[in-house]
K.L.:
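Structure below; questions to follow.
Since this is a predicted model, take the numbers as computed values, not measurements. Any value given below was found using the heavy atoms of this structure, including those in side chains, with hydrogens, waters and symmetry copies removed.
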Amino acid sequence: MTGALLELDRVSMTYTRGGLLSRTRIDAVIDVSFRLEAAKPEIFSIIGESGSGKSTLARIVLALQAPSQGAVRFKGKDLAQMRDDVERHAFMAAVQPVFQNPFEAFNPLKRLDRYLYATCKRFAGAHGETAVQAAADTALRQVGLSLAEIRGRYPHELSGGQLQRVAIARALASGPSLLIADEPVSMVDASLRASIVNLFRKLRDELGLSIVYITHDLATAYSISDRIIIMQKGRVVESGAARTVLANPQHPYSKTLKDAVLEPLAPGARPLFAR
């Protein structure tokens, strides 16, 4: 496939708060543009602190809210032009979210396999018990699990890392072209974060899947990303190849973020952001 997979063209999002006599304008996203090519799967990271606008941008890309200005196009089609449930269903199958807290993504009273079965029926076109279970097992094996391991189990019976893998498998079940991963490792034990990061790289390389990875964590962004943008108060202040930007940031805000990263080193080890 040629052309853009995802394109944001001068996207802004403005909120207003208060009553008629005292309205406050909040510019959550200001004039953001970037493009992901369909023919080049990549991990594109949006980096910023709380309040930088990165999660608002994720909601816009997922078509959960419309921007105040600008356009978002997926495979050349403006999301604002989706007119019916058929188009929205196709978009939801192709662009899947992975959220921050896997324990909030699942009802604690509902078995995990039921979520996968429902997704396989709704988005993957699987029909019949055998086909549905096979599709669920395929999705789980892509994240290093299997249906046998989670069948009949409830969310509290899995670790945070396992549960996040199930959430990713659920997103993969529809055969998406793009994942929007919003702080996907921030609620996972530090010892397990590397395994999730490595999984995203594997999905990019083996499935040809592009991932928009949203984070405040420069260390994982440096490890996982092909390209990045750094946001401050709704604006993109720096962008480019991940290792080039993070090894030698130019904007004062980017430098501040880098300086805040603690780098405990063993004797002879290379710094995290070494060229």
Side-chain angles (χ1 to χ4, degrees), residues 5-6 36 38 40-47 54-55 58 61-62 92-106 112-113 115-117 119-120 123-124 133-151 153 155-228 241-243 246 272:
L5 176 67
L6 176 70
L36 277 61
K40 187 179 180 181
E42 65 176 317
I43 298 174
F44 181 89
S45 290
I46 302 173
I47 302 170
K54 60 187 189 299
S55 291
V61 172
L62 287 165
M92 290 172 64
V95 182
Q96 281 282 316
V98 177
F99 295 114
Q100 178 178 7
N101 189 345
F103 290 99
E104 292 181 354
F106 299 102
L112 292 166
D113 52 3
Y115 284 96
L116 288 160
Y117 297 158
T119 301
C120 291
F123 292 114
Q133 291 187 5
D137 189 56
T138 296
L140 285 163
R141 289 185 183 278
Q142 289 171 337
V143 303
L145 297 171
S146 69
L147 184 57
E149 292 176 84
I150 69 125
R151 182 186 279 117
R153 300 180 73 179
H156 71 272
E157 298 181 276
L158 273 64
S159 69
Q162 288 175 314
L163 198 58
Q164 191 63 294
R165 285 177 179 268
V166 175
I168 295 169
R170 183 188 181 192
L172 295 176
S174 66
S177 305
L178 179 66
L179 288 186
I180 310 299
D182 191 357
E183 299 277 13
V185 299
S186 64
M187 300 296 291
V188 176
D189 289 344
S191 61
L192 299 174
R193 289 177 187 173
S195 66
I196 301 295
V197 167
N198 290 335
L199 172 60
F200 283 132
R201 278 199 293 256
K202 177 183 176 183
L203 297 176
R204 176 199 61 194
D205 296 340
E206 296 185 4
L207 300 183
L209 187 64
S210 285
I211 299 167
V212 174
Y213 181 80
I214 298 165
T215 186
H216 67 279
D217 183 354
L218 265 68
T220 58
Y222 180 84
S223 173
I224 196 175
S225 309
D226 297 297
R227 290 189 297 142
I228 65 169
R243 301 212 165 197
L246 294 177
L272 177 63

K.L.:
Scan side-chain atoms only and decide if Ser223 and Arg201 contain a donor-acceptor pair under the 3.5 Å cut-off.
P.N.:
yes
K.L.:
Mind running side chain to side chain contact (heavy atoms under 4.5 Å, CB included) on Ile224 and Ser45 for me, showing each step along the way?
P.N.:
CA-CA 8 Å; Ile224 196 175; Ser45 290; 4.2 Å; yes
K.L.:
Looking only at heavy atoms, which two atoms of Leu163 and Pro102 are closest? And how far apart?
P.N.:
CD2-O, 3.6 Å
K.L.:
Are Val143 and Leu199 packed together at the side-chain level, in the sense that at least one heavy-atom pair is separated by less than 4.5 angstrom?
P.N.:
yes
K.L.:
To check you understand the geometry: which heavy-atom pair defines the closest contact between Ala221 and Ile47, and what is its length?
P.N.:
CB-CD1, 3.5 Å
K.L.:
For Ser186 and His216, work out which heavy atoms get closest and say how close.
P.N.:
CB-CE1, 4.5 Å
K.L.:
Are Asp182 and Val212 packed together at the side-chain level, in the sense that at least one heavy-atom pair is separated by less than 4.5 angstrom?
P.N.:
no
K.L.:
Where the side chain of Ser159 meets the backbone of Gln162, is there a donor-acceptor pair that is under 3.5 Å apart?
P.N.:
yes
K.L.:
Compare all side-chain heavy atoms of Gln96 with those of Ser174 and state whether any distance is below 4.5 angstrom.
P.N.:
yes
K.L.:
Distance from Arg165 atom CZ to Leu158 atom CG, nearest 0.5 Å?
P.N.:
11.5 Å
K.L.:
Output, in order, the C-alpha distance, side-chain angles, deciding distance and verdict of side chain to side chain contact (heavy atoms under 4.5 Å, CB included) for Arg151 and Leu112.
P.N.:
CA-CA 7 Å; Arg151 182 186 279 117; Leu112 292 166; over 6 Å; no
K.L.:
Can the ring centres of Phe44 and Tyr213 be said to be less than 6.0 Å apart?
P.N.:
no
K.L.:
Counting C-beta onward and ignoring hydrogens, is there a side-chain heavy-atom pair between Pro176 and Phe123 closer than 4.5 Å?
P.N.:
no
K.L.:
For Glu183 and Asp217, indicate whether the former's side chain and the latter's backbone hold a donor-acceptor pair under 3.5 Å.
P.N.:
no
K.L.:
Can Arg204 and Glu42 be counted as an ion pair, charged N to O under 4.0 angstrom?
P.N.:
no
K.L.:
Does Gln164 reach the main-chain N or O of Gly161 with its side chain, forming a donor-acceptor pair under 3.5 Å?
P.N.:
no
K.L.:
Measure the NZ-CG distance between Lys40 and Leu5 for me, rounded to the nearest 0.5 Å.
P.N.:
13.5 Å
K.L.:
To the closest 0.5 Å, what do you measure between CG (Leu145) and CD1 (Ile150)?
P.N.:
7.5 Å
K.L.:
Atom CG in Asp226, atom CD1 in Ile43: separation rounded to 0.5 Å?
P.N.:
6.0 Å
K.L.:
Under the rule for salt bridge (Lys or Arg N to Asp or Glu O under 4.0 Å), what residues qualify as partners of Arg141, not counting sequence neighbours?
P.N.:
Asp137
K.L.:
To the nearest 0.5 Å, what is the distance between CD on Glu104 and CZ on Phe99?
P.N.:
11.0 Å
K.L.:
Using side chain to side chain contact (heavy atoms under 4.5 Å, CB included), reason through Leu147 and Tyr117 one step at a time and then give a plain yes or no.
P.N.:
CA-CA 11 Å; Leu147 184 57; Tyr117 297 158; 3.8 Å; yes
K.L.:
Supply the atom-to-atom distance Leu140 CG to Leu172 CG, rounded to the nearest 0.5 angstrom.
P.N.:
9.5 Å
K.L.:
Less than 4.0 angstrom from a charged side-chain N to a carboxylate O is my criterion; do Asp113 and Arg153 meet it?
P.N.:
no
K.L.:
Keeping the roles fixed (side chain from Arg193, backbone from Val185), state whether a donor-acceptor pair exists under 3.5 Å.
P.N.:
yes
K.L.:
Could I get the full list of side chain to side chain contact (heavy atoms under 4.5 Å, CB included) partners for Thr138, not counting sequence neighbours?
P.N.:
Gln142
K.L.:
Minimum heavy-atom separation for Leu178 to Ile211, with atom names?
P.N.:
CD1-N, 4.2 Å
K.L.:
Taking all atoms of both residues into account, what is the closest heavy-atom pair of Pro155 and Phe103, and its distance?
P.N.:
O-CE2, 4.2 Å
K.L.:
Identify the heavy atoms of Ala136 and Cys120 that sit nearest to each other, and give their distance.
P.N.:
N-SG, 3.6 Å
K.L.:
Could you check Ile228 against Leu246 for side chain to side chain contact (heavy atoms under 4.5 Å, CB included), going step by step and ending with a plain yes or no?
P.N.:
CA-CA 9 Å; Ile228 65 169; Leu246 294 177; 3.8 Å; yes
